[in-house]
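Encoded as structure tokens, the structure appears first; notes follow it.
We count ligands from 1, going down the list as the structure has it; atoms in each ligand are counted the same way. Position 1 is the first residue of the sequence, and the numbers go up from there.
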Amino acid sequence: MDRSASVLELKGVGEKTAKLFGKLGIVTVGDLISHYPRDYEIYEEPVKIAQASSGKVCAVYGAVTGILSERRVRSLHILNVAFSDGSDVMHLTFFNMPFLKKVLKQGGYYLFRGNVQVRGNVKLMEQPKLFSVEDYRRQMNRLVPRYALTKGLTNQAVQKAVRQALSFCSFEEEFYPPEILEACGLMPEREAVEAVHFPESGEELLRARKRLVFDEFFAFLYLLRRNRQVSEGLENHWKMFETADTVRFLEQLPFPLTKAQARVWQEIRNDMGSPACMNRLIQGDVGSGKTILAVLALLMTAANGCQGALMAPTEVLAAQHYETVQEYVEKYGVCFRPVLLVGSMTAKEKREVYEKIASGEANLIIGTHALIQEKVQYKALALVVTDEQHRFGVRQREHLAEKGESPHILVMSATPIPRTLAIILYGDLHISVVDELPKGRLPVKNCVVNTSYRPTAYKFIAGQVAQGRQVYVICPQVEAGEMEDLENVTDYAEKLKSALPPSVQVAYLHGKMRPGDKNRIMEEFSAHSIDVLVSTTVIEVGINVPNATVMMVENAERFGLAQLHQLRGRVGRGEYQSYCIFVSAKEDKETMERLQILNKSNDGFFIASEDLKLRGPGELFGVRQSGEFAFRMGDIYTDAGVLQEASEALDRLLRRDPDLKREENLALGKHLEQAAADTVDFRSI
Ligand code: ADP
Ligand code: MG
């Protein structure tokens, strides 16, 4: 079967299931095969309730002894069931599953698996999963894949479909020459894909992962190398000099630049006036103040009568930048004539913006990847700044080069990485580092707690809101049903509304909302008509609301520490003392120790590396440490070693065969060209 065959070709997949798959972006059999598990679970032998310890996920087998209560809190249906196995009793709580009342028979025996909590002297599980004993036995002591799901689609259904797809699907012939396969110890692609879905052991899983991550990095680095040839030594057609505009703007700003900012600003000015085109990366931890540097470069461009573009990875972030700039125009009278261009605008709105860009009426274009679509014709594009997403930059530079324009390039990144890694990943860019935070920032206070701390946290949140501050609460998933045991944004927002005083304005935000709605919510939060924002990690990148002082993260155990560090960077951006509350649903020693690392350091790279030391093979999946590079599976922290290997292998190869023209490298060359063509891989949030 061809990879491009529809999932409908699979047995047991009808119109309805195909539609659900569609919601996950899975249309073809190939899509299904590359729908890798989010993580793996090991189903252990069921335990006696008396032995079930708090904070651990385990299975219990016993009888339902009665219904304790059934309530409704706003739109939330809550069912409480008593359960016993002779050793002890346990309470089971189910949200929005009213049908269970009929399914669960009093006196009937059932197997449940969930996270054990203790309240007072009662053991309980919230939203545990129901299994038939045979099903459970079959999966016991294996690594069972867990997939990203959507309402109506079960994990079992995905597993079944993936198994079928794997047995039918054909794979490309091996494209690496034997030398690379051997030197890097790569297993065949087919084996790797199979083992990633259904690993026999943790060791096999790691080897499988390595092959797939290697493939991804290798293709990415190839694109980078090719790009370097294009951009190296490009002549500067846009020689620019500083005017009074930037000087005046700096004088009007309410704060002086930090030393680090001033140094980087000098580097940018030098670049833009030099004989070669600027190709620069600004690296700086969250909150170090990179935006203002972009604004300065863009202002210099506008003042020189040219156009500048600022690209952000999300519409929300683009809209925020647009507002900031508009404020500068109103307050300081800077010479920007900005327009916003994002995918969710109507065709008519876009057309109007295109016209302004083509005529030169707009001298600052802010937006998402819509900016590089073919229809956009610039009058005099002299500078392109990309914020918070480097990969984005790589492709986009190619696109612009294809259009015959070679603007200055400035890339901003908040991903903290050491120099050796930076040279591999940003090989084609000069690197500036903003290694200093603005003065007067109070360090964020952190705490790591279990779920029983919630009432206290809510009181604290209410207190901060009463003082005029704002709050983020992060949940790992959008709606119930994707992963049963995790908090989700929609239900949590309801729960929170009932836990907080009615005067507190609570709203929610997630990536599946319509772009217009997302922007509206973010604007309302910026304008402080929302006090508490319950959100997925869509707010992770770039959002700047200095009045927000509390970041509460639910299921913190599910996130990589580097990602938690980025989330933490959303607070502590203003004059107020800020707080992070990491709530872990797991309380075992390892989890708590891991999360405590965040307390010890503010150095993103240190945090990410420490994190890795404490993880097991099954845990390396589903944990995205840095979203910035948008790799499917690879992670620059987790897989720093593979990145290094891929880079060395590629260098060896290109030294011997720069154009991949030798017989043994032809297949690889073809594969890489295809991979490069497929790389238009923008995040849709
Ligand atoms: P990031 O580097 O994470 O993109 P931002 O550019 O969004 O950070 O800046 C974070 C906050 O710090 C903003 O509110 C910005 O106005 C402020 N800021 C930037 N530079 C300085 C400075 N030199 N002194 C004081 N505040 C600053
Ligand atoms: Mg930023």
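Looking only at distances, a side-chain donor or acceptor of Lys350 sits under 3.5 Å from a matching main-chain atom of Gly343. With Gln577 contributing its side chain and Leu442 its backbone, the two residues share no donor-acceptor pair below 3.5 Å.
The salt bridge (Lys or Arg N to Asp or Glu O under 4.0 Å) pairs that include a residue from residues 239-251 are Glu242-Arg269, where partners are two or more places apart or lie in different chains.
Residue contact check for ligand 1: Arg570 places no non-hydrogen atom closer than 4.0 Å to it. Contact analysis leaves Gly284 out of contact with ligand 1, as no non-hydrogen atom separation drops below 4.0 angstrom. Heavy-atom distances between Gly574 and ligand 1 stay at or above 4.0 Å for every pair.
The aromatic ring centres of Tyr328 and Phe336 sit 6.0 Å or more apart.
When non-hydrogen atoms are compared, ligand 1 lies under 4.0 Å from neither the backbone nor the side chain of Met412.
The N/O atoms of Gly289, backbone and side chain alike, include one that comes under 3.5 Å of an N/O atom in ligand 1. For a threshold of 3.5 Å applied to N or O pairs, the pair formed by Pro256 and ligand 1 contains at least one separation below that value. Between Leu257 and ligand 1, a contact under 3.5 Å exists for no N or O pair.
Using cut-offs of 30° and 60° for the angle between ring planes, the Tyr458 and Tyr492 rings count as perpendicular.
Among Thr324, Asn544, Leu293, Thr258, the residue whose heavy atom sits closest to atom 14 (O) of ligand 1 is Asn544.
For Ser288, the side-chain contact (heavy atoms from CB on, under 4.5 Å) partners at least two apart in sequence or on another chain are Lys290, Val434, Leu437.
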Determine, step by step, whether Thr549 and Val471 satisfy the side-chain contact (heavy atoms from CB on, under 4.5 Å) criterion, reporting the C-alpha distance in whole Å, the side-chain angles of both residues, the deciding distance to 0.1 Å, and the verdict. CA-CA 6 Å; Thr549 53; Val471 176; 5.5 Å; no
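Listed by number with element, the atoms of ligand 1 under 4.0 angstrom from any heavy atom of Thr291 are 4 (O), 5 (P), 6 (O), 7 (O).
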